[in-house]
Amino acid sequence: MAERLFVAVAVPAEVRARLDEALVGLRQRWPTLRWTKPEGWHLTLAFVGDAQEHQARTVSGAVAEAAAHTGSFEVGLTGTLGTFGQRVLWAGVAPSEGLAALAGRTRAALAARDVDCDERPFSAHLTLARVRGRGRLPGEEPDWRGPRSRWRVTEVRVMRSVPAAGGPRYEDRSVHALSGDA
């Protein structure tokens, strides 16, 4: 049976809690959006899609190799919002050489093993909400300043998306420690 896989960096609980609290007003203002669950917040490095068991093991091996060649690094939220078209609302992530390097190494290791992944250029962001159906994001710019939280990334995860009532649930398939301090 195929699993829907992606490679990601987790957002720590304390960062999720601060951001979740800061979003209360926006959720009330835009209740028709499909808001992502804080426990599922992550920074996607590569989206693989449907993979059979042998392919999933290959993905984990590629990610382990990328992690072994990447030291730990800091990443942080900018406290700003952005959109992809009129369909996705996201929280900004500060530019991070470490995060970009990990994404690049991950994608290169997957390609070297003939594993296809999303070909769009890496763009660090944290998805907060999506439009339901064929709707569009509200046109007005929200007056919102979120937390500018920072954290140290010490591991990368291969995750699976499991369909569930109320939106997908994300589970770790494998977790790989980064090689140490950069």
Side-chain angles (χ1 to χ4, degrees), residues 4-49 70 72-107 117-172 178:
R4 196 163 182 81
L5 301 181
F6 60 95
V7 181
V9 166
V11 178
E14 61 275 8
V15 174
R16 291 192 317 259
R18 288 183 67 208
L19 180 57
D20 189 35
E21 184 177 319
L23 290 170
V24 169
L26 279 182
R27 285 191 184 104
Q28 292 170 346
R29 185 171 169 188
W30 294 338
T32 59
L33 295 181
R34 187 174 42 131
W35 291 90
T36 57
K37 297 174 188 170
E39 61 271 17
W41 285 342
H42 59 272
L43 306 178
T44 302
L45 303 178
F47 179 76
V48 176
T70 306
S72 64
F73 55 89
E74 284 207 355
V75 69
L77 301 178
T78 61
T80 60
L81 296 175
T83 63
F84 289 131
Q86 289 295 312
R87 311 234 356 114
V88 177
L89 179 70
W90 47 260
V93 175
S96 165
E97 288 181 25
L99 188 62
L102 180 58
R105 286 185 186 110
T106 297
R107 290 170 176 224
C117 67
D118 186 1
E119 294 180 6
R120 288 179 286 190
F122 174 68
S123 175
H125 67 281
L126 194 155
T127 300
L128 299 174
R130 290 184 173 83
V131 172
R132 296 178 192 272
R134 294 181 180 223
R136 297 171 60 116
L137 288 170
E140 76 265 18
E141 273 295 315
D143 182 22
W144 184 83
R145 277 286 173 226
R148 296 175 54 99
S149 303
R150 295 191 64 75
W151 70 93
R152 188 151 211 63
V153 175
T154 59
E155 60 190 22
V156 61
R157 300 162 184 263
V158 176
M159 302 184 80
R160 66 178 138 227
S161 177
V162 179
R169 184 178 73 249
Y170 304 126
E171 298 176 350
D172 291 339
L178 300 183

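Remark: F47 pairs with no residue by the ring-ring contact (aromatic ring centres under 6.0 Å, His included) rule, at least two apart or across chains. Listed by chain and residue number, nothing satisfies the salt bridge (charged side-chain N to carboxylate O under 4.0 Å, His left out) test with R148 (two or more places apart in sequence, or in another chain). For T78, the side-chain contact (heavy atoms from CB on, under 4.5 Å) partners at least two apart in sequence or on another chain are T80, A94. Listed by chain and number, the residues in a side-chain contact (heavy atoms from CB on, under 4.5 Å) with R34 are R130, R132 (sequence neighbours excluded). Partners of R18 by salt bridge (charged side-chain N to carboxylate O under 4.0 Å, His left out), not counting sequence neighbours: none found. When the side-chain contact (heavy atoms from CB on, under 4.5 Å) test is applied to E21, no partner is found at least two apart in sequence or on another chain. Residues that satisfy the side-chain contact (heavy atoms from CB on, under 4.5 Å) test with P95, not counting sequence neighbours, are absent from this structure. For the salt bridge (charged side-chain N to carboxylate O under 4.0 Å, His left out) test, residues two or more places apart in sequence or in another chain that qualify with E155 are R157. Applying the salt bridge (charged side-chain N to carboxylate O under 4.0 Å, His left out) rule to R120 yields the partners D118; only residues at least two apart in sequence or on another chain are considered.
Here salt bridge (charged side-chain N to carboxylate O under 4.0 Å, His left out) pairs that include residues 80-105, with residues two or more places apart or in two chains, number zero. Listed by first and then second residue, the salt bridge (charged side-chain N to carboxylate O under 4.0 Å, His left out) pairs involving residues 74-83 are E74-R150 (not counting sequence neighbours).
Here the side chains of T154 and L178 are not in contact, with every heavy-atom distance at 4.5 Å or above. Counting heavy atoms from C-beta on, the side chains of L43 and L126 come closer than 4.5 Å. With contacts defined as side-chain heavy-atom distances shorter than 4.5 Å, the pair L26/L81 qualifies. Looking at heavy atoms from C-beta onward, V162 lies out of side-chain contact with Y170 at the 4.5 angstrom threshold. Counting heavy atoms from C-beta outward, P163 and P168 have side chains that stay 4.5 Å or more apart. At least one side-chain heavy atom of L23 sits under 4.5 Å from a side-chain heavy atom of W144.
The two residues C117 and R107 make their nearest non-hydrogen contact at SG-CG, 4.1 Å. In terms of heavy atoms, G146 sits closest to A22 at CA-CB, 4.4 Å. What you find for A46 and T106 is that their closest heavy atoms are CB-CG2, 4.3 Å.
With values rounded to the nearest 0.5 angstrom, H125 atom NE2 is found 6.0 Å from T44 atom OG1. Atoms CG and CG, on L45 and L102 in that order, are 5.0 Å from each other to the nearest 0.5 Å. Annotation: the span from T127 atom OG1 to W35 atom CH2 amounts to 11.5 Å, rounded to 0.5 Å. W151 CH2 to F73 CZ: the interatomic distance, rounded to the nearest 0.5 Å, is 9.5 Å. How far CZ of R16 is from NE2 of H42: 12.0 Å, rounded to the nearest 0.5 Å. Put simply, CG on L128 and CG on L33 are 10.0 Å apart, with the number rounded to the nearest 0.5 Å.
With salt bridges taken as basic N to acidic carboxylate O contacts below 4.0 Å, none links D20 and K37.
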Using atom types as modelled, flag every donor-acceptor pair under 3.5 Å from a side chain in residues 6-14 to any protein atom, sequence neighbours excluded.
none

Derivation and outcome, side chain to side chain contact (heavy atoms under 4.5 Å, CB included), residues W30 and L89: CA-CA 11 Å; W30 294 338; L89 179 70; 4.0 Å; yes
Derivation of the side chain to side chain contact (heavy atoms under 4.5 Å, CB included) call for L99 and V153: CA-CA 9 Å; L99 188 62; V153 175; 5.6 Å; no
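Side-chain contact annotation: T83 with W90, donor-acceptor N/O pair under 3.5 Å absent.
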